[in-house]
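Here is the structure we will look at.
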Amino acid sequence: MATSPCYNARRFAGECAGVSEAESRIRIGIGGWTYAPWRGVFYPTDLAHKRELEYASRKLTSIEINGTYYGSQKPDTFARWHDETPEDFVFALKAPRFVTARRVLADAGPSIERFFASGVMALGEKLGPINWQMPPTKAFDPVDFAAFLKLLPQRVEGQAIRHALELRHDTFRAAEAVALAREHGVAIVLAGDASYRRSPT
């Protein structure tokens, strides 16, 4: 999992010259951290469940929060996650399905605003990329896709926001889709364990 602002479509346009090693750091992480089969294997048997994030965040450098895909979290929850993890830790967040599963992406503006106002900014400097995962049935519509990309904020509360798109329909294997992502400085997710074919670069 890479969290540099330059680990996105801009790198293909050669816009990342002069990026420091710290800014281009590649992170290794997991999706979520609450898994019963991991107790006694990854997590010590005597570790309290409420300390699993604290433990996992000291073995890895990033974790994706999947719960934000299914529903809103409380601001206090984001603040607690921030405080339980090391200083240089980074969270990736999966964007709400209520945004990406809609028929017309261009209509998602209010939902995107509500997502960023829900408390995610309490993660502060630990807020990493937002993963906008499209349903496997969502086909590429150039006009609608371009309109959606324009809705993604570059900054919220003065903080730069990094976006990544998980495009799972084969119609996104189009140079035009990649060009639009590049134009808006948005990364394209390559899922190594997925059966979906890769987008062209």
Side-chain angles (χ1 to χ4, degrees), residues 1-3 5 7-10 29-34 62-75 77-78 81 90-123 126-157 159-201:
M1 181 182 298
T3 56
Y7 193 84
N8 57 26
R10 292 177 184 169
I30 53 177
W33 64 87
T34 306
S62 185
I63 288 177
E64 181 182 54
I65 298 174
N66 294 315
T68 46
Y69 177 77
Y70 300 101
S72 299
Q73 307 294 318
K74 296 179 180 179
T77 300
F78 289 109
W81 290 339
V90 168
F91 288 98
L93 268 66
K94 188 168 285 186
R97 57 182 172 173
F98 308 108
V99 174
T100 57
R102 64 180 60 232
R103 186 176 65 84
V104 180
L105 292 172
D107 294 340
S111 295
I112 292 172
E113 291 177 6
R114 283 194 295 272
F115 171 61
F116 282 104
S118 68
V120 300
M121 301 311 296
L123 290 174
K126 297 180 183 180
L127 175 61
I130 310 297
N131 178 6
W132 303 89
Q133 183 189 68
M134 301 295 168
T137 55
K138 186 65 179 178
F140 176 49
D141 177 329
V143 175
D144 190 40
F145 187 56
F148 173 74
L149 291 173
K150 290 179 181 178
L151 296 174
L152 302 181
Q154 294 185 357
R155 304 189 75 84
V156 175
E157 298 179 10
Q159 182 172 333
I161 304 297
R162 293 166 281 181
H163 301 283
L165 295 161
E166 191 168 344
L167 309 169
R168 302 192 287 169
H169 195 278
D170 270 350
T171 54
F172 280 100
R173 297 184 70 249
E176 185 178 0
V178 177
L180 284 168
R182 180 183 293 126
E183 178 183 337
H184 290 85
V186 176
I188 294 176
V189 174
L190 299 181
D193 62 346
S195 60
Y196 303 104
R197 298 176 67 185
R198 305 296 187 258
S199 295
T201 55

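Heavy-atom basis, side chains included; hydrogens, waters and symmetry copies ignored.
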Discussion item. Determine whether Met121 and Ile161 satisfy the following criterion, side chain to side chain contact (heavy atoms under 4.5 Å, CB included), listing intermediate values before the conclusion.
Written reply: CA-CA 10 Å; Met121 301 311 296; Ile161 304 297; 4.0 Å; yes
Worksheet entry | Stepwise side chain to side chain contact (heavy atoms under 4.5 Å, CB included) test for Gln73 and Thr68 | CA-CA 7 Å; Gln73 307 294 318; Thr68 46; 4.0 Å; yes
Worksheet entry | From CA spacing to verdict: side chain to side chain contact (heavy atoms under 4.5 Å, CB included), Ile188, Phe172 | CA-CA 10 Å; Ile188 294 176; Phe172 280 100; over 6 Å; no
Fill in: Criterion side chain to side chain contact (heavy atoms under 4.5 Å, CB included) on Leu165 and Phe145, from CA distance to verdict
CA-CA 11 Å; Leu165 295 161; Phe145 187 56; 3.6 Å; yes
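Scanning for side-chain contact (heavy atoms from CB on, under 4.5 Å) contacts around Pro142 gives Phe140, Glu176, with sequence neighbours left out. Not counting sequence neighbours, the partners of Val189 by the side-chain contact (heavy atoms from CB on, under 4.5 Å) test are Asn131, Ala164, Glu166. Checked against side-chain contact (heavy atoms from CB on, under 4.5 Å), Thr34 has the following partners two or more places apart in sequence or in another chain: Arg39, Glu52. Qualifying side-chain contact (heavy atoms from CB on, under 4.5 Å) partners for Ala139, counting only residues two or more places apart in sequence or in other chains: His169, Thr171. Judged as a ring-ring contact (aromatic ring centres under 6.0 Å, His included), and not counting sequence neighbours, the contacts of Trp81 are Trp33, Phe78. Taking Lys126 as the reference, nothing meets the salt bridge (charged side-chain N to carboxylate O under 4.0 Å, His left out) condition, with sequence neighbours excluded.
In this structure, Gln159 and Leu127 have side chains that are in contact, with non-hydrogen atoms separated by less than 4.5 Å. Between Arg168 and Met134 the shortest side-chain heavy-atom distance does not fall below 4.5 Å. Looking at Tyr69 and Leu93, their side chains never come closer than 4.5 Å, going by heavy atoms from C-beta outward.
In terms of heavy atoms, Asn66 sits closest to Gly31 at ND2-C, 3.4 Å. When all heavy atoms of His163 and Pro153 are compared, the pair lying nearest together is NE2-O, 2.7 Å. Ser62 and Ala92 get closest at one heavy-atom pair: OG-N, 4.2 Å.
Within the structure, salt bridge (Lys or Arg N to Asp or Glu O under 4.0 Å) pairs that include any residue of residues 127-144 comprise Lys138-Asp144 (at least two apart or interchain).
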Exercise answer: donor-acceptor pairs, residues 105-120 side-chain atoms, under 3.5 Å, sequence neighbours excluded:
residue, atom, partner, partner atom, Å
Ser111, OG, Arg102, NH2, 2.8
Ser111, OG, Arg114, NH2, 3.1
Ser118, OG, Phe115, O, 2.6

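Of the possible polar contacts, none joining the His184 side chain to the Phe148 backbone as a donor-acceptor pair under 3.5 Å is found.
With values rounded to the nearest 0.5 angstrom, Thr100 atom OG1 is found 8.0 Å from Trp132 atom CH2.
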